[in-house]
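The next block holds one structure in the form of structure tokens; read it before the comments.
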Amino acid sequence: MKHLLFAAGLALATTTASAGDNGLMRKDSALGVTETVDAMVTAMEGAGITIFARVDHGAGAQSIGQDIGASQLVIFGSPKVGTPAIKDDPAAGLFLPLKVLVYEDEMGGTKIVYEDPTAMLGKLGGVSDDAAYLKTMAGALAKFTGAATP
């Protein structure tokens, strides 16, 4: 029953990015945290994207006797896309490669969170809001997170 209710909620789930939300994009996944990350990583690798790290925050918390639930951060990117941003403004290197956080919320649902590239890099003086790589990054994030939210 819990899965049916969650699936019904998934159909109503929306992705948001508003100024009050600091440009964070949020999605629900009907899969567990590990399965969601696995699906994203498979899609990324299939597209030739480099996975730089998969950080298990949940395991880190458990290592000090704490429980934050399942939580993983995927750090990934492509020099073809990121390098132009860093050329436009070297400070873009603070925000790249891209990151997606997948975590279990207090109700047991799986959440996906990432920062909208325009909001993230738009605060830098050298990155234009209409830079083509921002659309490429946003499209890639939507595609890869979408692979985990069928």
Side-chain angles (χ1 to χ4, degrees), residues 1-85 92-124 127 129 131-150:
M1 182 67 167
K2 177 180 171 184
H3 293 291
L4 288 175
L5 291 173
F6 187 72
L10 180 63
L12 299 174
T14 59
T15 301
T16 60
S18 63
D21 204 10
N22 296 320
L24 294 181
M25 307 290 285
R26 299 176 185 274
K27 294 182 178 183
D28 292 322
S29 174
L31 306 173
V33 170
T34 299
E35 295 81 12
T36 298
V37 173
D38 288 346
M40 287 190 320
V41 167
T42 297
M44 291 170 187
E45 290 174 340
I49 300 300
T50 301
I51 307 301
F52 294 106
R54 186 169 171 166
V55 180
D56 191 336
H57 289 308
Q62 286 179 346
S63 76
I64 61 163
Q66 299 291 315
D67 184 8
I68 61 168
S71 178
Q72 294 186 31
L73 178 73
V74 180
I75 303 169
F76 64 96
S78 168
K80 283 183 174 182
V81 179
T83 299
L94 287 169
F95 302 97
L96 300 173
L98 295 172
K99 296 169 271 316
V100 174
L101 176 67
V102 181
Y103 67 95
E104 181 180 39
D105 71 7
E106 62 280 349
M107 300 299 292
T110 301
K111 304 295 184 187
I112 300 171
V113 182
Y114 61 91
E115 193 167 7
D116 175 71
T118 300
M120 177 175 62
L121 298 176
K123 52 188 146 192
L124 303 176
V127 174
D129 285 346
Y133 52 79
L134 292 173
K135 289 182 181 133
T136 301
M137 289 176 188
L141 284 160
K143 175 183 174 181
F144 300 137
T145 58
T149 56

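By convention here, the first residue in the shown sequence is residue 1. Below, each value reflects all heavy atoms present in this structure, side chains not excepted, and no hydrogens, waters or symmetry copies.
For the pair Ala61 and Ile68, the tightest heavy-atom approach, listed with the atom from each and the gap, is CB-CG1, 3.7 Å. Summarising the geometry of Leu96 relative to Gly82, their closest heavy-atom pair is CD1-O, 3.8 Å, with the distance given to 0.1 Å. Closest approach of Val127 and Ala85 over heavy atoms only: CG2-O, 4.3 Å. The two atoms that bring Ala147 and Ala39 nearest to each other are O-CB, 3.9 Å, heavy atoms only. Of all the heavy atoms in Thr36 and Ser29, the pair that sits closest is OG1-OG, 2.8 Å.
You'll find the side chain of Phe76 stays beyond 4.5 Å of the side chain of Val41, heavy atoms only. For the pair Leu73 and His57, the minimum side-chain heavy-atom distance is below 4.5 Å. At least one side-chain heavy atom of Val81 sits less than 4.5 Å from a side-chain heavy atom of Met137. Contact annotation: the side chain of Leu98 never approaches that of Ile75 to less than 4.5 Å [non-hydrogen atoms, C-beta and beyond]. Residues Asp116 and Leu24 are not in side-chain contact: their nearest non-hydrogen atoms beyond the backbone lie 4.5 Å or more apart. The shortest side-chain heavy-atom distance between Pro117 and Leu141 falls under the 4.5 Å cut-off. Contact check for Ile112 versus Leu101: no side-chain heavy atoms found under the 4.5 Å cut-off. With a 4.5 Å cut-off on side-chain heavy atoms, Thr34 and Arg54 count as touching.
To the nearest 0.5 Å, atom CE of residue Met44 and atom NZ of residue Lys143 are 10.5 Å apart. Taking CG from Leu31 and OG1 from Thr149, the interatomic distance works out to 8.5 Å, rounded to the nearest 0.5 Å. Taking OG1 of Thr42 as the start and CZ of Phe144 as the end, the distance is 11.5 Å to the nearest 0.5 Å.
Every residue two or more places apart in sequence or in another chain was checked for a salt bridge (Lys or Arg N to Asp or Glu O under 4.0 Å) with Asp56, and none qualifies. Considering only residues two or more places apart in sequence or on other chains, Glu115 meets the salt bridge (Lys or Arg N to Asp or Glu O under 4.0 Å) condition with Lys123.
A side-chain hydrogen bond (donor to acceptor under 3.5 Å, both in side chains) check over residues 75-84, counting only residues at least two apart or in different chains, returns nothing.
Put simply, the side chain of Thr50 never gets that close to the backbone of Phe52: no donor and acceptor are under 3.5 Å apart. A donor-acceptor pair under 3.5 Å links the side-chain atoms of Lys99 to the main chain of Pro97, judged by distance alone.
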Item checked: Step-by-step side-chain hydrogen bond (donor to acceptor under 3.5 Å, both in side chains) determination, Glu104 to Thr110 -> CA-CA 5 Å; Glu104 181 180 39; Thr110 301; over 6 Å; no
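Of the candidates Glu35, Lys111, Lys27, Met40, Val102 forms a side-chain contact (heavy atoms from CB on, under 4.5 Å) with just one, namely Met40.
Using a 4.0 Å cut-off between charged nitrogen and carboxylate oxygen, Asp129 and Lys135 do not count as a salt-bridge pair.
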